[in-house]
Every structure is written in structure tokens, then in C-alpha cells.
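Each remark here refers to the structure printed beneath this line.
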Amino acid sequence: MSTMSEASRLQDEIIIRMEDVQKWYGTFQVLKDINLKVRTGERIVICGPSGSGKSTLIRCINRLEHAQKGRIIVDNIDVGASSRDLDAVRREVGMVFQQFNLFPHMTVLENCMLAPMKVRGTSKAQAEATARKYLTRVRIPDQADKYPAQLSGGQQQRVAIARALCMSPKIMLFDEPTSALDPEMVKEVLDTMVSLAEEGMTMLCVTHEMGFARSVADRIIFMDRGEIVEEGAPDTFFSNPQHERTRNFLGQILSH
Amino acid sequence: MLRQFGTNEFLFILAAARWTVLLSLIAFAGGIVGGLAIALMRVSPLKILSATAGGFIQVFQGTPLLMQLFLVFFGANTLGLDLNPWVAAAIALTLNASAFLGEIWRGCIQAVPRGQWEAAGALGLHYPSLMRYIILPQAFKIALPPTVGFLVQLIKATSLAAIIGFTEVTRAGQIINNATFKPFLVFGTVAAIYFALCWPLSHISMRLERRFAAASAR
């Protein structure tokens with residue numbers, strides 16, 4: 001049941017469009033006929049068993065992975081068209097990784113300032129102000145001068161989120177952002193993601209956090225063996241899954 | 001008439017050690033510049049650059065350094081250039097060091113975790129910025145111990161320059177031996193000088209390696 005407020009919050013503009021996307025690793029097909037439209041402001045959770053292609057799918061959006069067939073249009077730009085177009089896409093798409101991937105030789109503040117200065121040409125003072133703003137937003141302003149190794153996993157992941165936000169992206173991709181965290185740190189990262197969602201960010205999250213999916217997602221996509229098996233709003237997805245494979249998957253992850 | 005191996009003879013050999021040190025430093029400095037270029041070419045996404053650097057490395061790793069010295073020294077003569085042994089040795093050793101350091105550093109660049117490349121790419125950093133700000137600073141730390149280790153190899157390799165007539169410490173030893181005929185004493189002295197140069201470096205290399213292992217185990 002998608003409510004009236006949901007319908008009015010989402011705009012009609014399609015910000016990501018994937019058309020017949022196919023990808024192979026050698027002879028193994030990881031993505032099969034992927035068709036996906038994401039509206040501006042939409043919050044999508046992608047789930048599925050490991051090896052189902054969900055990470056590969058979102059990594060195609062900013063072309064960390066190259067899809068051999070099909071088209072991917074992000075913010076009206078064809079991701080595969082030229083390197084200049086790819087630059088434009090990467091400026092607008094932030095990404096958060098399972099392993100954080102902070103730059104270990106730079107302080108938290110430097111991690112957040114580098115891309116705005118080198119990619120957007122922001123002044124140092126402006127980059128620092130922006131960095132401090134987002135570090136405050138993820139509630140770690142006092143860690144700015146530390147190095148990543150001095151922080152907990154949860155703090156590192158929040159820095160990674162702040163680092164992506166410093167580029168003022170229109171879209172945020174999350175690739176299993178809580179999978180590498182100790183259980184007690186999962187909540188602080190999810191809270192940060194929830195607040196980001198509440199601000200209207202377009203988000204695609206690969207995650208197994210079904211509580212997060214239920215409360216935040218506009219749409220849940222279930223993938224298996226490289227294809228989108230089923231998608232739907234959280235309430236129908238959880239209460240009335242259509243496909244056998246979806247039911248099996250949900251049975252396995254929700255049974256405890 | 002044979003000379004005795006005395007203080008003067010010892011000092012003659014010791015003084016020649018400065019040419020060993022200087023030749024090593026020149027080859028090392030040249031090798032740093034050349035090696036960086038080779039390493040960057042080797043990891044370049046452009047096939048032509050990577051293949052060229054790969055060929056360069058193969059040639060210099062697959063032939064003896066002595067042949068490389070001969071080819072530069074005699075090759076220059078054939079081409080009508082009159083290279084003195086100094087310059088020939090410096091050029092050959094620089095090329096050789098470039099190839100070996102290039103291959104060492106290629107490995108170090110590729111040892112920087114994939115996630116670092118991806119994170120920088122996802123932030124929109126271009127290849128030169130990505131290399132300069134993200135990859136090379138991290139590769140540098142990994143590269144330090146094997147690079148110092150290679151410097152030790154390089155210092156010992158300069159002894160081959162004696163064969164094309166460059167008077168560094170080994171050649172000085174030959175000269176003194178011809179006059180004194182005390183080979184064990186003379187070459188023992190020469191070996192001790194190499195050891196005195198190399199041992200502290202080996203020691204530093206080992207300590208760096210241990211510190212790096214401790215840091216990456218954290």
C-alpha cells in the first residue's frame with residue numbers, strides 16, 4: 001500500500017534508468033536483462049542471496065563495473081558514452097562500500113576534503129567548512145583530525161558517508177554498508193542512513209537489514225542468479241511475496 | 001719487486017670507495033626517476049605503455065649486468081661516441097636500476113587494495129590525482145623496505161664496473177693486488193668495505209619491513 005504522502009514526495013522524474021543491462025564475468029552471466037527505473041527521491045533496497053548480482057548491479061551505475069550490453073542513464077547522462085560523461089555521473093553519485101575504503105594515510109577531514117577540492121575545484125576553506133558540516137551531520141565532528149585506523153568500524157563508515165556527501169551527490173549508493181560492522185555498531189550507521197533518507201536523498205541500498213528496508217524503502221528489489229525476480233513496496237513484499245524464490249529467501253533471513 | 005700491504009695501500013683502496021658510493025648514488029637517483037616512470041607505464045591502462053615498459057623490464061632482467069655494461073661501453077664506441085668508463089657505468093647501472101625498481105614498484109602499486117582505487121574512482125578523481133594523492137603515498141610505504149634492499153644489490157653491482165676499467169673499490173683492489181700479491185688480504189679488505197656500506201642498509205631495510213608488518217597487522 002503506497003500512501004498519498006509517499007506518492008507526493010516522489011517526483012515523476014526518472015533519475016536512473018537501466019535498460020536491458022547484461023553483464024558477464026567470462027562465460028558466467030552475472031546480470032540478466034536488468035530493467036530498472038528509479039525516480040528522484042526514491043529509496044530502494046536491493047536484497048538477495050550472495051552471488052545474486054546485487055552489488056554488481058549498483059556498481060554498474062557509477063561504472064565501477066562495466067556492463068557489456070544495455071544502457072544505463074543517470075541524471076540524463078549515458079554512463080557508458082564517454083569518459084567525460086562518466087566524470088559527470090561520478091560527480092553526482094556517491095558510494096559507500098562494505099569495507100569503508102577510507103584513505104588510511106589521510107585524516108578524517110582530509111578524506112572528506114580531497115574530492116571536492118580536486119574534482120569540483122572547491123577552495124580549501126570551503127571544502128573544510130563543508131567537511132565539518134557533514135561530519136557534524138553524521139555526529140563525529142570531534143574526530144576530524146584523527147586517522148581512520150583510530151576510529152571504530154561504525155565511525156569509519158559514518159566518515160565514509162560524510163565523505164560521499166561532501167560532493168553533494170544527487171544519488172547515494174550503499175553496497176552492504178553494515179555487513180562488515182560489529183553488531184553494536186550497525187544501528188549508528190543505519191540511523192545515519194535513515195536521516196539521509198528523511199532529507200529526500202535518492203538512495204539504492206544493497207543490504208540484508210530488513211528492519212531498515214521495512215521502515216525506509218519505497219521499493220524492495222529481490223535478485224537471484226543475476227535477475228530481478230520480484231519488486232514491490234515493503235508491506236506487500238514482506239506479507240505477500242509472489243515468487244517461490246523470494247519466499248525461500250525471506251524464510252531464511254526472517255526465521256530467527 | 002713486491003710491495004708490502006701497508007697503510008698507504010689500504011688508504012688507496014679506501015679512497016676508491018668514494019667512487020663506489022658516488023656511482024651507487026648516481027645509479028640509484030637515476031633509477032628512482034627511471035623506475036617511477038617504468039612502474040607508472042607498467043600499470044597504465046594504455047596497452048602500448050604497459051607493453052613497452054614490460055619489454056624494457058624483460059630485457060634488463062633477462063641479461064647479465066656485465067653484458068649491459070659491455071653493450072653501453074663498447075656500443076657507444078661503435079656508434080662513434082667516446083664514453084669514458086664512468087659515464088658508461090653510470091648509464092648502464094641507471095638503466096638496470098630503472099628496470100628492477102620499476103618492477104618492484106609495480107608490485108607495490110598493485111598491492112594497494114582494490115577498494116582504494118574504487119573509492120577514489122567513485123569520488124570522481126581522475127587517474128593522475130588518484131595516483132598522486134591515493135595510490136602512490138600508500139605504495140611508497142610498501143615500497144620502502146624492498147627499495148632499500150635493492151640499494152644494497154646496486155652497491156655490490158657497481159663492482160662490475162671494474163671490468164670496463166672504472167677505478168672503484170674493486171678495481172683499486174686489483175691494482176693493489178697486482179703490486180703486493182696478497183690476494184686474501186687485499187680482497188678481504190675490499191669485501192669488508194662493501195660489507196661496511198651494505199650492512200647498515202640491510203639492517204634498515206629489515207627494520208622497515210618489521211615496522212611495516214606490524215603496522216599492517218593492526
Side-chain angles (χ1 to χ4, degrees), chain A residues 55 58-66 83-106 110-122 147-150 156-157 159-169 171-175 180, chain B residues 32 36 39-41 43-50 104-148 207-218:
Chain A
S55 287
I58 68 164
R59 288 159 60 89
C60 284
I61 294 172
N62 62 353
R63 210 164 192 248
L64 286 183
E65 304 275 358
H66 167 58
S83 64
R84 180 177 298 178
D85 288 343
L86 178 60
D87 292 343
V89 168
R90 286 185 168 176
R91 280 196 296 270
E92 306 306 334
V93 180
M95 188 161 204
V96 175
F97 299 86
Q98 182 176 356
Q99 300 295 339
F100 327 137
N101 295 350
L102 293 177
F103 307 132
H105 59 298
M106 295 182 181
E110 289 166 346
N111 264 276
C112 294
M113 289 167 62
L114 181 73
M117 287 166 63
K118 300 301 166 200
V119 178
R120 287 213 190 271
T122 311
Y147 284 87
Q150 297 170 284
Q156 288 190 51
Q157 194 59 299
V159 172
I161 294 172
R163 178 177 71 177
L165 291 176
C166 283
M167 285 293 282
S168 320
I171 301 163
M172 284 286 283
L173 307 175
F174 292 86
D175 189 1
Chain B
I32 285 175
L36 187 61
L40 286 174
M41 284 168 71
V43 298
S44 164
L46 295 176
K47 283 261 160 30
I48 174 85
L49 289 182
S50 150
I104 291 172
W105 293 344
R106 174 203 57 80
C108 297
I109 288 172
Q110 289 176 340
V112 175
R114 199 74 226 152
Q116 295 289 310
W117 300 70
E118 290 182 348
L123 283 167
L125 287 176
H126 280 173
Y127 195 82
S129 302
L130 181 153
M131 272 292 163
R132 179 168 161 204
Y133 298 108
I134 307 301
I135 304 303
L136 290 183
Q138 296 185 61
F140 179 79
K141 273 186 202 161
I142 307 173
L144 216 45
T147 301
V148 176
R207 276 185 43 182
L208 286 171
E209 198 167 328
R210 233 177 289 141
R211 200 201 301 172
F212 175 72
S216 58
R218 250 190 296 151

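Below, chain A is the first sequence line, B the second, and so on; all start at residue 1. Just so it is clear, the model here is predicted, and its values are computed rather than measured.
Nearest heavy-atom pair across A:Pro104 and B:Gln116 is CD-OE1, 3.5 Å. B:Ala119 and A:Phe97 get closest at one heavy-atom pair: CA-CE1, 3.7 Å.
Per-residue heavy-atom pair counts under 4.5 Å with chain A were compared for B:Ala120, B:Pro113, B:Gly121, and the maximum is reached by B:Gly121. Ranked by heavy-atom pairs shorter than 4.5 Å toward chain B, the options A:Gln99, A:Glu110, A:Arg163, A:Met167 are led by A:Arg163. Ranked by heavy-atom pairs shorter than 4.5 Å toward chain B, the options A:Lys118, A:Arg91, A:Met95 are led by A:Lys118. Taking chain B as the reference chain and counting heavy-atom pairs below 4.5 Å, the highest number among A:Val96, A:Leu86, A:Val93, A:Asp87 is found for A:Asp87. No other option in B:Lys141, B:Arg114, B:Glu118 has as many heavy-atom pairs under 4.5 Å with chain A as B:Glu118.
In this structure, chain B has no heavy atom under 4.5 Å from any part of A:Leu173. If you measure heavy-atom distances from A:Phe103 to chain B, the contacts under 4.5 Å come from both the backbone and the side chain. Within the 4.5 angstrom heavy-atom criterion, no atom of A:Arg63 approaches chain B.
More than 12 heavy atoms of other residues, nucleotides or ligands lie within 6.0 Å of CG in B:Leu46, so this atom counts as buried by the packing criterion. Annotation: B:Tyr127, atom OH; neighbour count of heavy atoms from other residues, nucleotides and ligands within 6.0 Å is above 12.
Expressed to the nearest 0.5 Å, how far CG of B:Leu123 lies from CZ of A:Arg120 amounts to 10.5 Å. One distance of note links CE of A:Met106 with CD1 of B:Ile134; it measures 4.0 Å at 0.5 Å rounding.
A donor-acceptor pair under 3.5 Å is formed between the side chain of A:Asn101 and the backbone N or O of B:Gly115. Side chain of A:His105 to main chain of B:Tyr133: a donor-acceptor pair is present (N/O by atom type, distance under 3.5 Å, no hydrogens or angles).
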